[in-house]
Amino acid sequence: MLVAVTIRNGGVRAVRMADVVADGAVGDVSADAPVAHAAAEAVGGAAAVTEVTGPAELAEWEQSYAPRWIFDLAAEMYPALLALGIRVRRCHDLALTERILLGREGRFGEPCRAAAILARAHGEPVPADPVPIDGGARPHVVEQPGLFDDAVAEATETDPRLLIAAYRDQMRRVDRSAGGPEATAAGIDVSAGALRLLIAAESGSALVAAEMSRRGLPWDADVHRQILADALGTRPTDGARPATLARLAEEISTAFGFPVNPDSPVDLREAFHRSGFDIETTRAWVLREIDHPAVAPLLRYKDLARLFTANGWNWLDDWVVDGRLAAQFLPGAVVSGRWATRGGGGLQLPTSMRRAAIAEPGHVLVVADAAQLEPRILAAVSKDPALTALSGDADLYAALAADGFGGDRRHAKLAMLGAMYGQTSGEAARLMATMRVRYPAAVACVESAARRGEAGGVVASVLGRACPPPSEGWRRAVGAGGASDESRARRVARDRGRFTRNFVIQASAADWAAAWMTTLRLALLDEVPAAEMVLFQHDELVIHVPEPYAEQVCELAVTAATTARDLVFPGSSVHTPVRPVAVRCYADAK
DNA sequence: GCGGGGGGCGCC
DNA sequence: AAAGGGCGCCCCCCGC
C-alpha cells in the first residue's frame with residue numbers, strides 16, 4: 001500500500017491508494033523487486049482513493065497497513081507527522097531518489113521534487129525546487145524547521161496524487177536504469193534489485209535523519225562549560241580573546257621579537273620566513289618539525305583557539321537546546337551518499353568534547369561503531385578472497401600485518417589506506433607492492449576505478465550510486481595540448497583518479513551504513529520504541545536508550561549489521577562487525 | 001560592506 | 001619521513 005502525503009495550510013493532507021497489494025515485503029528494506037513493482041502498477045489502475053486530513057486516521061493507517069509513505073522530501077514532510085505523534089515504518093523519498101536517478105544519468109544539481117520529476121516525464125519545462133533540498137545556507141542560529149514557512153507550505157501544497165504519479169515514473173526508470181548497454185559501458189551497471197535497495201535504504205535514512213534532527217544527542221551544558229573554563233578561563237565579553245589565548249599570543253610575538261597575529265597564516269608564514277624557516281604552510285605537522293621558541297606556544301594557541309571558535313560558548317548558545325545538540329542531519333548530502341550536517345558540526349564533535357554527551361537519568365548511550373569499515377567494504381566490493389578471509393579478525397590491520405607485512409601493523413595500515421586513498425609516493429607506495437601481490441583483486445578494483453576517473457569516466461557504489469562526471473573545466477585542463485600544461489593536465493587527471501578510487505569504497509560503505517541503520521530503525525520501532533537514535537557519523541550510531549533495554553539494543557545493532565551485509569553484499573562472507581557498548585557518557589565509549 | 005576562496009583543523 | 005579520499009566550520013584576506 002502507498003500513502004502520499006503533502007501539507008496544506010500547515011495541516012497534513014494524505015491520499016491512500018486502494019488496498020490492492022498484499023502488504024509485507026513492499027516496504028522492507030529488503031523489498032523485493034516484483035512486489036514493489038506490482039504495487040506501483042496496481043496504483044495506476046486503482047480507483048479507490050481515500051483522502052483524510054485527520055491525524056487519528058493517519059496513525060491508524062500506519063498501524064493497520066504499514067504502508068510506504070511517499071514524501072516529496074521526507075525532511076520536510078516527516079516532521080509534520082512526527083509532530084502529530086506518528087512514526088512511520090517506511091517511506092519513499094522522491095527527492096532523494098530523484099537525485100540518485102539523475103546522478104546515474106550524469107545530471108547533478110537539477111530540481112528533484114515531484115513537480116520537476118513529472119515535468120521531465122512529460123517533456124515540459126522543469127520548475128525550480130522551491131527550496132534547496134539540503135536546506136541551503138543556514139544562519140548560524142537555531143531555527144525551527146522551515147516546515148510552516150509560508151513559502152514552503154505554498155510550494156508543497158501539491159495534490160498527493162501527483163506524488164504517486166512521480167513515484168510510478170521513478171520505478172519505471174529504475175528498471176530502465178538497471179542493466180542495459182549504456183549502464184554497462186558507463187561502468188555503473190547494477191541490478192534493479194540493488195537500485196531498489198539503495199532507494200529503500202536512502203529513504204529509510206531520511207526517516208532516521210528526521211527523527212535524529214528532532215531529538216539530538218543529549219548534551220550537558222554544565223560539563224561543557226567546565227571544559228571551557230578549565231581550558232580557556234572565564235568567558236570573554238563580546239569579541240575579545242579569552243585571557244589564556246591573549247597570553248599565548250603575547251608569548252608568540254615575544255618569541256619572534258615582533259608582533260605576529262597567530263590567527264593569520266599569512267602573517268605566521270612571513271614571521272617564520274623572517275626567522276629563517278622556509279615553510280610552505282603553517283600546518284601543525286609542519287610546525288612540529290621546526291626548532292623555534294614560538295612553535296610550542298603557537299601549537300598550544302591553535303589548539304585552544306579552535307576549541308574557542310568551533311566549540312566554545314557561542315557554539316553552546318547556538319546549538320545546545322534543552323539539553324540536546326540541535327544539529328540538522330542531511331542524508332545523502334555528500335555525492336558519495338554520506339550524510340552531512342547543517343549547524344553544530346554534528347559530524348565533527350572533537351573527542352575532547354564528548355565528555356559533555358551524557359545520557360539522561362535512567363538512560364544509557366548505546367554506541368555502535370562499525371570498526372575498520374572501509375577496508376572490509378573493499379574486500380566485499382572487490383570480492384578479494386584473501387582480504388575477505390582476513391575480515392573475520394577483529395583487528396583487520398593486525399591480521400593484514402601478520403599476513404604479509406612481517407607483523408608490522410603500522411605498515412599494513414599505511415598500505416591499506418594508500419590503496420584506498422591513492423597515495424602514490426613515499427613509504428605507502430612501496431608497501432603497495434606487497435598489497436598487489438597478496439590482494440590482487442582488491443588492488444585491481446581500486447586501480448581500475450582510478451583509471452576510469454583519470455580518463456574522465458564515472459564509477460558507482462555497489463548499489464549503484466554514481467559519482468559526478470568531470471566538469472567542463474576538468475576536460476579543458478586535461479585536454480589542453482600545450483607542453484606547459486602537460487604537468488597540470490596530469491595532476492588534474494590524477495586528482496580525479498584518487499576521487500573515483502575512493503568513491504567506490506566510501507560510497508559503498510555509505511550504502512552499507514544506510515542499510516544498517518534502516519534495518520536497525522525498523523527493529524527498534526518494533527521492539528524498543530523508546531530507543532532514540534541521536535547521532536550518526538559515517539560508520540557509528542549512538543542510540544539513547546532506557547537502561548533496561550541496553551542489552552537488547554546492543555544485540556539488535558549487531559544483528560542489523562549482519563543483515564546489512566547480506567542485503568548489500570549478497571553471498572559475501574565478509575565480516576562487517578559492530579561492537580556496541582552501553583555507556584553513560586559518550587567519552588567512555590572509546 | 002559583502003561574498004567567496006583558501007588556510008587550517010576537527011571528524012570519518 | 002611525508003601527506004591520499006570526503007566533509008563543516010572558523011578565520012583571514014582579497015576582489016568587487
Side-chain angles (χ1 to χ4, degrees), chain A residues 134-135 137-138 140 239 241 245 261-270 279-289 298-299 301-312 314-315 318-319 327-330 332-354 369-375 377-378 410-411 413-432 446 449-450 453 459 461 467-468 491 494-510 513 535-541 590:
Chain A
D134 65 357
R138 289 187 171 267
H140 189 66
R241 269 182 185 139
L245 285 178
N261 175 9
D263 286 325
S264 163
V266 175
D267 218 21
L268 274 176
R269 201 172 57 223
E270 203 194 325
I279 54 172
E280 288 292 317
T281 82
T282 58
R283 290 192 182 92
W285 66 267
V286 171
L287 298 180
R288 254 179 231 116
E289 306 300 309
L298 180 53
L299 290 173
Y301 179 92
K302 278 170 174 274
D303 220 34
L304 294 178
R306 183 168 170 85
L307 175 64
F308 174 58
T309 58
N311 296 101
N314 291 341
W315 182 90
D318 288 346
W319 299 113
Q328 191 190 9
F329 291 88
L330 304 168
V334 177
V335 285
S336 65
R338 274 188 171 183
W339 289 24
T341 51
R342 288 278 174 279
L347 295 181
Q348 307 134 251
L349 294 176
T351 49
S352 62
M353 300 306 304
R354 294 180 185 185
D369 174 1
Q372 303 167 340
L373 181 61
E374 295 199 337
I377 294 296
L378 171 58
R410 196 185 62 89
H411 276 182
K413 184 172 179 178
L414 213 56
M416 179 55 84
L417 295 180
M420 293 191 301
Y421 293 152
Q423 187 167 345
T424 52
S425 62
E427 199 177 6
R430 285 197 305 282
L431 295 166
M432 273 294 287
V446 288
V459 294
S461 74
C467 81
R491 183 174 51 76
R494 282 192 187 142
D495 284 349
R496 180 168 171 82
R498 278 192 298 279
F499 168 65
T500 50
R501 171 195 292 263
N502 184 252
F503 185 94
V504 174
I505 310 299
Q506 189 183 114
S508 299
L535 184 74
F536 169 65
Q537 31 186 2
H538 311 308
D539 60 5
E540 178 184 6
L541 273 167
K590 292 278 155 90

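Just so you know, these numbers use all the heavy atoms, side chains as well, and skip hydrogens, waters and symmetry mates. Chain letters run A, B, ... following the sequence lines, proteins first and then strands; every chain starts at 1.
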Next on the checklist: Output the rounded distance in Å from CZ (A:R283) to P (C:dA3).
Outcome noted: 11 Å
Next on the checklist: Looking at A:L373, is its backbone amide N or carbonyl O close enough to the side chain of A:D539 to form a donor-acceptor pair, meaning the two atoms are under 3.5 Å apart?
Outcome noted: no
Next on the checklist: The criterion is side chain to side chain donor-acceptor pair (under 3.5 Å); which residues satisfy it with A:S508, sequence neighbours excluded?
Outcome noted: none
Item to check | A:R342 side-chain N/O to C:dG8 phosphate OP1/OP2 under 4.0 Å | outcome: yes
Next on the checklist: Please check this pair: side chain of A:W315 against backbone of A:G344, looking for a donor-acceptor N/O pair closer than 3.5 Å.
Outcome noted: yes
Item to check | Whole angstrom value for the distance that separates C1' of C:dG5 from NE2 of A:H538 | outcome: 12 Å
Next on the checklist: What is the separation between atom CG on A:D539 and atom C1' on C:dG5, rounded to the nearest whole Å?
Outcome noted: 14 Å
Next on the checklist: Within the 4.0 Å heavy-atom criterion, would you say A:A509 contacts the bases, only the backbone, or no part of the nucleic acid?
Outcome noted: nothing
Checklist outcome for this item: A:L417 atom CG is separated from C:dG4 atom P, nearest whole Å, by 13 Å
Checklist outcome for this item: One should report the stems of DNA chain C, each a stretch of at least three consecutive Watson-Crick or G-U pairs at distances under 3.5 Å, as B:1-12 with C:5-16
Checklist entry - Looking for any heavy atom pair under 4.0 Å, which part of the strands does A:R338 touch: base, sugar-phosphate only, or nothing? => result base
Next on the checklist: Applying the 5.5 Å / 30° rule, does A:Y421 stack onto the base of C:dG4?
Outcome noted: no
Checklist entry - Taking the side chain of A:E427 as its heavy atoms from C-beta onward, which of C:dG4, C:dA1, C:dG6 lies nearest to it? => result C:dA1
Item to check | Between C:dA3 (P) and A:E280 (CD): distance, integer Å | outcome: 12 Å
Item to check | Touch class at under 4.0 angstrom, heavy-atom based, for A:R494 against every strand present | outcome: nothing
Item to check | Partner set under side-chain contact (heavy atoms from CB on, under 4.5 Å) for A:H538, not counting sequence neighbours | outcome: A:R338, A:L347
Checklist outcome for this item: 5'-most to 3'-most nt of DNA chain B touching chain A (<4.0 Å, heavy-atom partner on protein side) reads B:dG7 to B:dC12
Checklist entry - Between A:L417 and A:Q423, is any pair of side-chain heavy atoms under 4.5 Å apart? => result no
Checklist entry - Checking all strands, does A:R498 fall into the base, sugar-phosphate, or nothing category for heavy-atom contacts under 4.0 angstrom? => result sugar-phosphate
Item to check | Sugar-phosphate or base contact per nucleotide [nucleotides 11-16 of chain C; S, B, -; heavy atom under 4.0 Å] | outcome: -SS---
Mind listing the side-chain donor-acceptor pairs of residues 500-507 of chain A below 3.5 Å, one per line with the distance, residues two or more places apart or on another chain?
from   : atom 1 : to     : atom 2 : distance (Å)
A:T500 : OG1    : A:A449 : O      : 2.8
A:T500 : OG1    : A:R496 : O      : 3.2
A:T500 : OG1    : A:G497 : O      : 3.2
A:R501 : NH1    : A:A419 : O      : 2.9
A:N502 : OD1    : A:Q506 : NE2    : 3.1
A:N502 : ND2    : A:M420 : O      : 3.3
A:Q506 : OE1    : A:S336 : OG     : 2.7

Item to check | d(CD1, A:I505; P, C:dG4) in whole Å | outcome: 19 Å
Item to check | Heavy-atom side-chain proximity of A:L535 to A:E540 below 4.5 angstrom | outcome: no
Next on the checklist: Any base atoms under 4.0 Å from A:D303, or only sugar-phosphate, or nothing? Heavy atoms, all strands.
Outcome noted: sugar-phosphate
Checklist entry - Do you know the tightest heavy-atom contact between A:F536 and A:F329? => result O-CE2, 3.8 Å
Next on the checklist: Need one value for A:W339: base, sugar-phosphate or nothing, where a base atom within 4.0 Å counts as base even if backbone is also close, heavy atoms only.
Outcome noted: nothing
Checklist entry - To the nearest angstrom, how far is A:R491 atom CZ from C:dA3 atom P? => result 15 Å
Checklist entry - With a 4.5 Å heavy-atom cut-off, do A:L287 and A:I279 have their side chains touching? => result yes
